[in-house]
There are 2 protein chains.
Amino acid sequence: MLQTLHRQDGAPRMTPSPSCAGCGHASVCQASGYDRAELSGLRHIAERIGPLRTGEYLYRPLSPFRAVYAVQSGMAKTVAVDVAGREQVLAFHLPGELIGLDAIDRELHDNAVVALGKTQFCRFPYHAIRQVATSQPDVPWHLMHAASQRITRLQLSGGNYLAEERFAAFLVDMRDRRAVLGLSADYLPLPMSRADIGNHLRLTTETVSRLLGRFRQRGMISLDRQGLHVTDLKTLRELGQSLLMH
Amino acid sequence: MLQTLHRQDGAPRMTPSPSCAGCGHASVCQASGYDRAELSGLRHIAERIGPLRTGEYLYRPLSPFRAVYAVQSGMAKTVAVDVAGREQVLAFHLPGELIGLDAIDRELHDNAVVALGKTQFCRFPYHAIRQVATSQPDVPWHLMHAASQRITRLQLSGGNYLAEERFAAFLVDMRDRRAVLGLSADYLPLPMSRADIGNHLRLTTETVSRLLGRFRQRGMISLDRQGLHVTDLKTLRELGQSLLMH
DNA sequence: CGTTTGCTTGATGTACATCAATCCCCGTGG
DNA sequence: CCACGGGGATTGATGTACATCAAGCAAACG
């Protein structure tokens, strides 16, 4: 289970707004750039959703696209389901990361988003975003940057690499994203199942388990029930370097 | 491995062009939506580049991001090179498809774009796009749609599927994209090497060759030196359906 | 508690890679 | 015109990274 996020003590407060005033998760929005004055309109249209609990859906495949979302606290996964019923975990989302940009083009969500542990979301209605964009021209470019980043990430993760490289890169990537957000970085909570991790990395649960064991044996990580501790980031980063952004 | 990156050298020649009037490739731009009045500004900032020949670069890794591009005629590939020197073919680009959106976020191209056969490009300087966007607010949203589409495609292709499924989906996808652009759809020119196709699909040249042979034997395609003819689209689409958009 | 559910660990299987010829174009020079 | 060379394509034999199958185990949960 994920605990509630703690606000950074020395972090500057963001400007109060109808929706975001008093939100306990301001620091992650700041880390994601939502506190910039040119994007202030986004704060005013944000709606809170949740908390959702493990396995509950934010949206389902084939639901119409009406908004983009961001995790506020907790963690979520995006899952695609194909015609044969096979599932594919496309991403794990940390607080502040935009969800649903892939649905803009066809105005249709072809994926599901599922909460992993108690999770809260922010909802940004698309019509409101378009409205805000007319007075704040940086807004669409902010989305564009988020989309650009997502494309870069997907391109890297699509590559043909060994299980060990992909898994190391996965851990380091998650660590780095948490560091940017001001969350505990050496400790990674893993509210998703081994099956989810494996599916995401095109591996089986057994292989994930074996990799975790191997990394633990080599002193790169230490495991507990809720997640893992990164104890040798340098080695881990070297293993995954081909798959990581610089 | 792939030698193309080291084969040819030479800076692309650029021809400034105030508008698209008289461009012989207007139909593909039309198919891609560039003829809409709300995007007319894009036509006025387009510059022609090329023609480039097989193996010549549009841009190289680590070059600064100053523009997005579109293929005008011919075909191109995007190639990522990691720290270990391994290459990964990320995409093959048909006329009208935007190239370089992944570089917007970090203002840096971490990939190369290489011509496959005699290929012409359109260049859209980023500062000019931003300028045009101030008077034509649909412009950033057009890019956003292109990015959204790219994300959807990458998510699909990242999945864990059999070689046969991926290859069938690749052929059908290319066929469908050509159909949208008004190009010959049953006939697919393949100016890239088997190695390029295989690399893109996480397969070896040998496997690509065997798949082509198998598909030919089953009467799904017929091969010639320059490309292939799709003779049983239905079966091909069924094979690849899990990986295709609907 | 017992049952369930997910995790771990070992033995065996397989899709595809790798290795290795051979073939087939196509360009080049005589 | 043909001889020759070389890079890509095909085809077959063998290897391997990871999946699949199978069994035990430990935490979670009613």
Side-chain angles (χ1 to χ4, degrees), chain A residues 1-2 53-55 77 86-89 114 116-118 159-170 188-218 221-228 239 242-243, chain B residues 1-8 53-55 77 86-89 114 116-117 159-168 170 188-218 221-228 239 242-243:
Chain A
M1 294 295 99
L2 267 196
R53 299 205 262 174
T54 301
K77 63 174 175 182
R86 284 178 289 190
E87 297 191 358
Q88 165 77 14
V89 175
V114 184
L116 299 165
K118 184 177 165 186
N160 196 15
Y161 294 98
L162 299 177
E164 230 175 54
E165 299 178 280
R166 285 209 298 279
F167 190 59
F170 168 73
L188 307 181
L190 296 176
M192 73 293 272
S193 66
R194 302 284 193 266
D196 279 340
I197 298 174
N199 182 308
H200 177 55
L201 299 172
R202 303 195 294 267
L203 302 170
T204 56
T205 67
E206 294 93 329
T207 300
V208 171
S209 192
R210 279 185 252 266
L211 287 168
L212 282 167
R214 209 185 298 171
F215 284 5
R216 183 168 43 73
Q217 256 186 300
R218 295 192 210 159
I221 60 172
S222 68
L223 281 164
D224 65 36
R225 185 107 320 243
Q226 321 266 350
L228 61 81
L239 253 183
S242 297
L243 267 144
Chain B
M1 264 292 140
L2 300 183
Q3 293 299 338
T4 15
L5 284 187
H6 313 288
R7 191 187 301 147
Q8 292 260 5
R53 296 198 278 180
T54 301
K77 63 175 177 180
R86 284 179 289 190
E87 298 187 358
Q88 165 77 16
V89 175
V114 184
L116 299 165
N160 196 16
Y161 295 98
L162 299 177
E164 229 176 53
E165 298 178 280
R166 285 208 298 279
F167 190 60
F170 168 75
L188 307 181
L190 298 175
M192 73 293 272
S193 66
R194 302 285 192 267
D196 279 341
I197 298 174
N199 181 308
H200 178 55
L201 300 172
R202 303 195 293 267
L203 302 169
T204 57
T205 66
E206 293 94 328
T207 299
V208 170
S209 193
R210 279 185 253 265
L211 286 168
L212 282 168
R214 211 186 298 172
F215 284 5
R216 183 168 44 74
Q217 256 187 303
R218 296 192 210 157
I221 60 172
S222 68
L223 280 164
D224 65 37
R225 185 103 322 242
Q226 320 267 349
L228 61 81
L239 252 183
S242 297
L243 267 143

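In the text below, chain A, chain B and the rest are named by the order of the sequence lines, each starting its count at 1. Being a predicted model, the structure only gives us computed values, none of them experimental.
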A.B. asks: Atom CZ of B:F215 to atom P of D:dT10: distance rounded to whole Å?
C.D. replies: 14 Å
A.B. asks: Any side-chain heavy-atom pair from A:T207 and A:L201 closer than 4.5 angstrom?
C.D. replies: no
A.B. asks: Give the rounded distance in Å between these two atoms: CG of A:L223 and C1' of C:dT8.
C.D. replies: 11 Å
A.B. asks: May I have the distance from B:R216 (atom CZ) to D:dA9 (atom C1'), rounded to whole angstrom?
C.D. replies: 12 Å
A.B. asks: Distance from A:I197 atom CD1 to A:L212 atom CG, nearest 0.5 Å?
C.D. replies: 6.5 Å
A.B. asks: Measure from CD1 on B:I221 to C1' on D:dA9 and round the result to the nearest Å.
C.D. replies: 14 Å
A.B. asks: Roughly how many Å is it from CG in B:L201 to C1' in C:dA15, rounded to a whole number?
C.D. replies: 15 Å
A.B. asks: Out of curiosity, A:L203 CG to A:F170 CZ, how far, rounded to the nearest 0.5 Å?
C.D. replies: 10.5 Å
A.B. asks: What's the spacing between A:L243 CG and B:Q88 CD if we round to 0.5 Å?
C.D. replies: 9.5 Å
A.B. asks: Under the side chain to side chain contact (heavy atoms under 4.5 Å, CB included) test against A:Q226, which residue among A:L228, A:L223, A:D224 passes?
C.D. replies: A:D224
A.B. asks: Bend across the helix from C:dT8-D:dA23 to C:dG30-D:dC1, to 10°, with axes taken over 5 pairs at each end?
C.D. replies: 30°
A.B. asks: Rounded to the nearest 0.5 Å, what separation is found between the CZ atom of A:R202 and the CG atom of A:N160?
C.D. replies: 7.5 Å
A.B. asks: Determine, for nucleotides 18-30 of chain D in 5'-to-3' order, which nucleotides have protein heavy atoms under 4.0 Å from the base (write B), from only the sugar-phosphate (write S), or from neither (write -).
C.D. replies: SSBB-----SS--
A.B. asks: Atom CG of B:L212 to atom C1' of D:dT11: distance rounded to whole Å?
C.D. replies: 13 Å
A.B. asks: Return the value, rounded to whole Å, for the distance between atom CZ of B:F167 and atom P of C:dA15.
C.D. replies: 19 Å
A.B. asks: Can we say A:K77 and A:E87 salt-bridge, meaning some charged N sits less than 4.0 Å from an Asp/Glu carboxylate O?
C.D. replies: no
A.B. asks: Taking all non-hydrogen atoms of both residues into account, name the closest pair between B:R86 and A:S242 and its distance.
C.D. replies: NH2-OG, 3.1 Å
A.B. asks: Just checking A:R53: does its CZ atom have more than 12 heavy atoms from other residues, nucleotides or ligands closer to it than 6.0 angstrom?
C.D. replies: no
A.B. asks: Grab the CE-C1' distance between B:M192 and D:dG8 for me, whole Å please.
C.D. replies: 15 Å
